[in-house]
Student: 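The structure is given below, and queries will be raised subsequently.
First listed ligand is number 1; within each ligand, the first listed atom is number 1.
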Amino acid sequence: MIISRSKELFSAAQKRIPGGVNSPVRAFRAVGGQPLFIERGEGAYLIDVDGNRYVDYVLSWGPLVLGHAHPQVVRALQRAVERGTSYGAPTELETRLAEMIASLMPSAEMVRFVNSGTEATMSALRLARAFTRRDKIIKFEGCYHGHADSLLVKAGSGVATLGLPDSPGVPRGAAQDTLTAPFNDLSAVRDLLEANPEQVAAVIVEPVAGNMGVVLPQAGFLAGLRQLTEQHGALLIFDEVMTGFRVHLGGAQALFGVTPDLTTLGKVIGGGLPVGAYAGRADIMKLVAPSGSMYQAGTLSGNPLAMTAGIETLEILRQPGVFESMTATTRRLADGFADAARRAGVAITQNRAGSMFCSFFTANEVVDWTSASRSDTALYGRFFRGMLDGGVYLAPSQFEAGFLSTAHDPEAIEQTLAAAQRAFQAL
Ligand SMILES: *Cc1c(COP(=O)(O)O)cnc(C)c1O
């Protein structure tokens, strides 16, 4: 595989852009090699600047649930851009997208649009703190909620450990109100709530964790969080930036039948344009300015391009059978990976939820960050590079979810599984 043009572009980029990329994991550091520079996307495929073609399972890290450049989305965007790209004044589109979200996800009684998932979680926490008049929050190890200061915390070991920032530049003060518990560990959450009586504003969780691979909630975990937060007067926030309209048309909250107070969204609801949203109970959301006193604003929030792409995307996704078919294809792919690994004698644990999947290179069950981190990341790196050689673009890290789109047809899946068979054998 020739990637000479990507190499040239990467070395130029590194002179002007830190690490040559505008988001760290794009740099391929976890798997070795160098990033591919992309020329275009077509449905399920990515084409790099050297003309190599790959089946794409990154899909811009989740948003492209219809694949690249879906004709209907492109046409709607073309029409929208001719009318102007942003007005800084309300449009009907914002209400339409909010209504579509509420109809698929009834807990989203009111919605505020922002420009990224990071902004959504940051704002949802401010809202939870304003509503409860409490400062502390509980998050889970291995859950990512964007890069806001108070959320860049995983805490070392031990449930009672106070939050320590993961990154230089995060003030100790910004992290000290962030308590952490292991994912799927209800009793750790109970202990934290009891040790901090009437101080915890919210528990925030990825209901299916998608930023440490794909880790499913065990039976009763989400319902237990619902019960504990109610008991202790804290709000429950589902961060569905990734899982929203990915694991189920109604999000993880529909898949598991647990209703949060607030939900954060992003990725899919922007159809590939920058977007985020926080949503939930009307009595809480009414606290957001200007209807209430919690301040949050945005120059480009709810802009007509992002709203248009989101509306078209959800419109297509909710057609009868579309989501089910994508989920069935994902199951076929995940089963195929598991099968190919078994035949090659490579131990993997294959996790999946809706159109998200992950092959952990470990024999043990993966239920939290500790078990996920036992994966053989060097072996994943070799597998990743083998797949790339076979024309398949997987996430350049063991601890990322893979995504399918409605554009992934049987031919793409066949090509992927053939490549997987060779890549597993070569390990
Ligand atoms: C991607 C993601 C975010 C951050 O969204 P950005 O748009 O990258 O800021 C937050 N939470 C979850 C669960 C995510 O997957």
Student: Quick check for students: name every N or O atom pair between ligand 1 and the protein closer than 3.5 Å, with distances.
Tutor:
from     : atom 1 : to     : atom 2 : distance (Å)
ligand 1 : 5 (O)  : Gly117 : N      : 3.4
ligand 1 : 7 (O)  : Gly117 : N      : 2.8
ligand 1 : 9 (O)  : Gly117 : N      : 3.4
ligand 1 : 9 (O)  : Thr118 : N      : 2.8
ligand 1 : 9 (O)  : Thr118 : OG1    : 2.6
ligand 1 : 11 (N) : Tyr144 : O      : 3.3
ligand 1 : 11 (N) : Asp239 : OD1    : 3.4
ligand 1 : 11 (N) : Asp239 : OD2    : 2.7
ligand 1 : 15 (O) : Asn211 : ND2    : 3.1
ligand 1 : 15 (O) : Lys267 : NZ     : 2.6

Student: State whether the side chain of Ser405 and the backbone N or O of Ala407 hold a donor-acceptor pair below 3.5 Å, judged by distance alone.
Tutor: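 Present.
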Student: Under the side chain to side chain donor-acceptor pair (under 3.5 Å) definition, can you give me all pairs with a residue in residues 18-44, not counting sequence neighbours?
Tutor: Arg40-Glu42, Glu42-Arg53
Student: Let's go through Ser11 and Gln14 carefully: what are the C-alpha distance in whole Å and the side-chain angles of both, what is the deciding distance for side chain to side chain donor-acceptor pair (under 3.5 Å) to 0.1 Å, and is it a yes or a no?
Tutor: CA-CA 5 Å; Ser11 74; Gln14 283 173 294; 5.8 Å; no
Student: For residues 209-227, please give each side-chain donor-acceptor pair under 3.5 Å, one per line with the distance, not counting sequence neighbours.
Tutor:
from   : atom 1 : to     : atom 2 : distance (Å)
Asn211 : ND2    : Glu206 : OE1    : 3.0
Asn211 : ND2    : Glu206 : OE2    : 3.4
Arg226 : NE     : Glu230 : OE2    : 3.3
Arg226 : NH1    : Thr259 : O      : 2.9
Arg226 : NH1    : Asp261 : OD1    : 3.3
Arg226 : NH1    : Asp261 : OD2    : 3.4
Arg226 : NH2    : Thr229 : OG1    : 3.4
Arg226 : NH2    : Asp261 : OD2    : 2.9

Student: Table please: side-chain donor-acceptor pairs of residues 288-305 below 3.5 Å, with sequence neighbours left out.
Tutor:
from   : atom 1 : to     : atom 2 : distance (Å)
Ser291 : OG     : Lys286 : O      : 2.7
Ser291 : OG     : Val288 : O      : 3.1
Gln296 : OE1    : Arg112 : NH1    : 3.0
Gln296 : OE1    : Tyr278 : OH     : 2.7
Ser301 : OG     : Asn115 : ND2    : 3.4
Asn303 : OD1    : Leu305 : N      : 3.1
Asn303 : OD1    : Ala306 : N      : 3.2
Asn303 : ND2    : Leu300 : O      : 3.2

Student: Looking only at atom types and distance, does a side-chain atom of Arg134 sit under 3.5 Å from a main-chain N or O of Gly233, one as donor and one as acceptor?
Tutor: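 Confirmed, Arg134 side chain pairs with Gly233 backbone.
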